[in-house]
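Have a look at the structure below, then the notes.
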Amino acid sequence: MNELFYGDNLDILRDHIDDKCVDMIYIDPPFNSKKDYNIIYDGASAQAEVFKDTWSLSGWQMEKKMIFFDDAQRYQKIHNIISVFEKLLINTSPSLFAYLVHMSIRIVELHRVLKPTGTLFLHCDPTASHYLKIILDEVFGRNNFLNEIVWCYTSGGVSSRYFGRKHDVILFYAKSNKYKFNTQYREYSKKTKQRGLTKVKGKYFASGLREEGAVLQDWWTIQPVLSPTAKERLHYPTQKPEMLLEQIIRAGSNENDVVLDAFCGCGTTVAVAQQLKRKWIGIDITFLSIDLIRQRLLDSFYRDIQGLNEKKAKSQFDKDVKIFGIPRDIEGARQLATKTKGDRIRKEFEKWAIFSIGGVFTEKKGADQGFDGYFYLQDLNKKKNLYNIKCLIQVKSGKVGVKDIRDFSHVMDREQSPTGVFITLEPPTGPMMKEVARMKPFTTSLGKVCDRIYLVTIQDIIDGVLPQLPIQRITKRAQRVLPKVEQNNIFNP
Ligand SMILES: C[S@@+](CC[C@H](N)C(=O)[O-])C[C@H]1O[C@@H](n2cnc3c(N)ncnc32)[C@H](O)[C@@H]1O
C-alpha cells in the first residue's frame, strides 16, 4: 500500500519508517533561498502561502540537544561536520547554518531507511550543493558518491552581471557498492541521426550508434514546468517536471520497489512512481501539498476509469493509498489544533480547516487582523464588469460565543466583506446560531444570495456535509495520465 504522510519529515521518519525498507529516495528540499513560496490559484489573483524557505536558529538548541546528547549515537556521523559548520557559519550566515543542521539530521534518517542496495538523489542548487555534498560524504561515505547530475534549462530571466544561472544540481549517492542502477538512454540528436543513419522497419542502424539511443550522461536538458500552458503544471511554485523524475526513478528502481520522497510538494515523485508501478511513500509538512497530491492522484489515475463513478473512485483510492496525519475525526482535529511543536506547523489547524472548504489561508504578519483566510465572490461593478470581492474566513479552535460572531461581523465591515465563513471546532451555541440567522443576507448583482455569515463546524468538514457555501474550488486539476509519459519536453543539443 502507498503511504502519504502529513507532518514534519523528521518526526515521520523517526516514528514511522523502519530501517532498510526503501529502495530509492528523491528529495527536493527548500533551497535556503530566503523566499517564501506562494501558490498562484487558477483564475484568481489569490495567493496562499505554501511553505517557508527561510531558516532561523530558533530550533538550534533543541536540535543540538537531540544530535549531541539525547540521540548522540544515532547522529554520531554528523557531529564533526556540524561542529565545523557551527564555527564557520553561525555568526556570519546563521540561516545557512540552520538549514544545514536541518538537512544533516534528516540525511542521517534517510540513510537509515534505505536498503543496502538503495540510492539517494538530492536535488539542490549551486548556492548550497557544496555544503550538502560534504554532509552526504560524511553520512554515505565518499566512496558512495556516484554523480553530480546537472539539470540544465533555458527558461526564466537572466542577469547582466553574471552568466545566466540555468541549472540545478542533483547529488546521487548509493548506500553501498551493491546498489541498483538501470542505465538510461536519450534520443540521439537530429545531427547525429543525420550522420549516415538508415532506418529499417522503423529502427535506426549505424555503426557506433545504439538502438536504444545515447547513454544518458550526468547533464540533462529538460524544460521546467514554467510555461503557463504546460499540461502537467499545477501552479505549485517549485513543481518539477515529470520527465526529470521519470529518468531518476527508472534509473534507481524497478517495478514494485519502494520510492520515498520526504519533501514531496505537489507530488511529482509519487505520481511518476505510481505511473511506473513502483510503491511509494510521500511526506510533506503542509496540508495544501497533501490535498493537492490526493487530488492529483485522483485526477491522474482514478478519474474516468471505466466503471468507477467519483464515489467509487475515491473509495478505491482510499484502499490503495493510506493518508496519515490529516484529521479523520474530531479528536484528530483537536490534536492538530493544539499541536505547537515548531514554527513550521504553526497554524496548520487553521490551514487545514480553510483549505478543506476551498478557501485561501492568509499568513498574517504582525497583529491579528481578526480573520484567517478568504475566498473570492464574483460580482459586477458599476461598469458592469466582473470583479472579485474578497470575503473573509475565521477559524476558532477554542470556546466560542455570540461575541465572536459579532466581532467577526465588525471585521467583515472593516474589510468590506459582504459575506463570510466562521469555522468552529466546538459546537456553536444557541445564541450564536440565532445571531447568524437574524443577519441580513447579501445579494450580488448577478442575483446570487449569500448568508451574511455561514457557520461551519469541524464536524461538518469531517463528515463532508457542508452548507451550500458560495466558494468555488480554484486550484488547477491534473490531467488524466496516459499509459506512457510523453517525452516531448526533452531537447537534444
Ligand atoms: C521544493 S518543494 C518540493 C517540490 C516537489 N519536488 C514537486 O515537484 O512538487 C519542497 C517541499 O518540502 C516541504 N517541506 C519543507 N520542510 C519540510 C519538512 N520538515 N517536512 C516535510 N516537508 C517539508 C514543503 O512544504 C514543500 O512542499
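For ligands, and for the atoms within them, numbers begin at 1 and follow the listed sequence. Source: prediction; values computed, not measured.
- Tyr374 and Tyr376 have perpendicular rings, their planes meeting at more than 60° on a 0 to 90° scale where under 30° would count as parallel.
- Some N or O of Thr268 is nearer than 3.5 Å to an N or O of ligand 1, by distance alone.
- Closest heavy-atom approach to atom 18 (C) of ligand 1 among the candidates Thr238, Asn9, Leu292: Asn9.
- Ligand 1 has a nitrogen or oxygen under 3.5 angstrom from a nitrogen or oxygen of Lys240.
- Taking a cut-off of under 4.0 Å to the non-hydrogen atoms of Gly7, the atoms of ligand 1 that pass are 20 (N), 21 (C).
- Taking the ring centroids of Trp60 and Phe97, they lie under the 6.0 Å cut-off.
- The shortest N or O to N or O distance between Asp261 and ligand 1 is not under 3.5 Å.
- Ring-plane geometry between Phe172 and Phe121 is classed as parallel, the angle between the planes falling under 30 degrees on a 0 to 90 degree scale with a further cut at 60.
- Residues Asp318 and Arg294 are not paired through a salt bridge, judged by the lack of any N-O separation under 4.0 Å between the basic side chain and the carboxylate.
- At a 3.5 angstrom cut-off on N or O pairs, Pro30 does not count as close to ligand 1.
- Between atom CE of residue Met62 and atom CD1 of residue Ile67 there is a gap of 10.0 Å, rounded to the nearest 0.5 Å.
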Would you please test Thr268 and Glu242 for side-chain hydrogen bond (donor to acceptor under 3.5 Å, both in side chains) and show each step?
CA-CA 6 Å; Thr268 313; Glu242 290 183 2; over 6 Å; no
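- Not a single N or O atom of Pro29, backbone or side chain, sits closer than 3.5 Å to an N or O atom of ligand 1.
- Near Ser289, the atoms of ligand 1 lying under 4.0 angstrom from a non-hydrogen atom of the residue are 27 (O).
- At a heavy-atom distance under 4.0 Å, atoms from both the backbone and the side chain of Cys266 approach ligand 1.
- With Tyr173 as the partner, the ring pair (Phe, Tyr, Trp, His ring centres under 6.0 Å) test is satisfied by one option alone out of Phe140, Tyr26, Phe181: Phe140.
- Distances below 4.0 Å separate heavy atoms of Gln239 from the following atoms of ligand 1: 7 (C), 8 (O), 9 (O).
- At distances below 3.5 Å, not a single donor-acceptor pair connects side-chain atoms of Asp284 with backbone N or O atoms of Ser289.
- Numbered from 1 in the order shown, with element, the atoms of ligand 1 that lie under 4.0 Å from a heavy atom of Ala262 read 21 (C), 22 (N).
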